[in-house]
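This structure is a prediction, so every number in the text was calculated from the model and none was measured.
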Amino acid sequence: MTGTVHLVGAGPGAPDLLTLRAARLLGEADIIFHDALVHPDTLALATRAEKIAVGKRCGRHSTAQRFINKRLIDAARSHRVVVRLKGGDPMLFGRAQEEIDALVAAGIPVSVVPGVTSALAASADLRQSLTQRGVSRSVAFVTPRVSADTPDSAWADAAVAADTAVIYMGAKEAAAVSAALIARGKPPGLPVAIVENVSLPEQRILPTTLAALPQAVAALGDGPALLLIGEVYADIAVVRRVQQRRVA
């Protein structure tokens, strides 16, 4: 038997932001390989599946990608419906291509189910458009993080070229992010919104500036954080009001 592996986006965290297709596949799955940050209530939708954690978290023990690839191939040879559940959208900073290529090379059918990426969920909670008319006509999604076997990328050049930049997995490298963007011409006073635990009840919103970014991230907890940078966040009062409304 050869089953199908479905690369499914779990969204930014909140279980009710799953797509209908994702929820259906979770219910049909025989086995699920899931990221570390997938919400327990999302996993609870998989009532009949074996659940295996294969997540990656910065600074912690994680499963090697080649081992994940092999487990997906092996699972498809003994299960009809295999789900690889990824945080956010599988096709954005999710190493989906490595898994797709390995499965295709092994002759395993693959499907991809999109998910809500955290940049869009954070923008929704901030009630601030990434592409506000007259202020921002371009957006860059970038990450300064690279694996040991990957050459450095031109992420900073891409972030500088865009009117609005969203930096994934960058909070722990805030000092380097701030220095790199300022060195390339971004003003030190450029507004930044830091959003931790996007879409979840414990979400925190910290308004700051590019120059003060390293100090601001020191107030973060242990949750994943997103850095949103650009003039669209100039009305910091809006950010503060959203945060106060959530606390109330």
Side-chain angles (χ1 to χ4, degrees), residues 1-121 141-143 145-153 155 166 168-169 198-199 224:
M1 181 179 70
T2 300
T4 299
V5 176
H6 304 272
L7 275 59
V8 176
D16 57 355
L17 289 179
L18 281 174
T19 65
L20 293 175
R21 186 182 300 178
R24 174 177 61 80
L25 284 170
L26 288 176
E28 296 175 357
D30 300 306
I31 186 168
I32 294 175
F33 298 89
H34 63 88
D35 281 354
L37 295 173
V38 174
H39 197 283
D41 290 349
T42 297
L43 289 173
L45 297 174
T47 55
R48 58 187 294 271
E50 178 184 359
K51 304 174 185 70
I52 300 173
V54 293
K56 297 173 180 290
R57 292 206 64 183
C58 182
R60 302 184 186 184
H61 175 74
S62 60
T63 307
Q65 187 61 51
R66 64 181 181 278
F67 185 58
I68 296 174
N69 297 347
K70 184 179 185 306
R71 296 203 71 175
L72 292 174
I73 293 168
D74 292 344
R77 289 173 174 157
S78 58
H79 298 285
R80 184 178 64 86
V81 180
V82 180
V83 168
R84 173 68 173 102
L85 190 60
K86 293 175 171 287
D89 183 281
M91 308 301 271
L92 187 65
F93 303 128
R95 293 200 170 190
Q97 199 63 53
E98 295 168 65
E99 294 172 5
I100 292 169
D101 290 346
L103 291 163
V104 169
I108 306 296
V110 184
S111 80
V112 179
V113 180
V116 177
T117 188
S118 56
L120 304 184
F141 293 169
V142 303
T143 180
R145 285 189 57 196
V146 294
S147 59
D149 57 349
T150 304
D152 289 341
S153 71
W155 67 269
V166 181
Y168 287 70
M169 298 171 282
V198 174
S199 81

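Using a 4.5 Å heavy-atom cutoff, the side chains of Pro224 and Val198 are not in contact. Taking the side chain as every heavy atom from C-beta outward, Val110 and Thr4 never approach each other to under 4.5 Å. Looking at heavy atoms from C-beta onward, Ile100 lies in side-chain contact with Val112 at the 4.5 angstrom threshold. Contact check for Glu99 versus Gln65: side-chain heavy atoms found under the 4.5 Å cut-off. Residues Leu26 and Leu18 are in side-chain contact: their nearest non-hydrogen atoms beyond the backbone lie under 4.5 Å apart.
The two atoms that bring Pro90 and Ala96 nearest to each other are O-CB, 3.0 Å, heavy atoms only. Closest of all the heavy-atom pairs between Ala29 and Ala49 is O-CB, 3.3 Å. For Ile68 against Val54, the heavy-atom pair with the smallest separation is CD1-O, 3.6 Å. Of all the heavy atoms in Ala76 and Ile108, the pair that sits closest is CB-CG2, 3.5 Å.
In this structure a side-chain-to-backbone donor-acceptor pair under 3.5 Å is present from Asp35 to Gly87. Side chain of His39 to main chain of Asp41: a donor-acceptor pair is present (N/O by atom type, distance under 3.5 Å, no hydrogens or angles). Side-chain N or O atoms of Ser118 include none that pairs as donor or acceptor with a backbone N or O of Pro12 at under 3.5 Å. Formation of a donor-acceptor pair under 3.5 Å by the Thr117 side chain with backbone atoms of Asp89 is not found in this model. Side chain of Tyr168 to main chain of Ala119: a donor-acceptor pair is present (N/O by atom type, distance under 3.5 Å, no hydrogens or angles).
Just one residue in the list Val113, Leu20, Val82 forms a side chain to side chain contact (heavy atoms under 4.5 Å, CB included) with Leu25, and that residue is Val113. With Lys51 as the fixed residue, the side chain to side chain contact (heavy atoms under 4.5 Å, CB included) test singles out one of Val83, Leu43, Ile31, Leu85: Leu43.
Applying the side chain to side chain donor-acceptor pair (under 3.5 Å) rule to pairs touching residues 18-31 yields Arg24-Glu28, Asp30-Arg48, sequence neighbours excluded.
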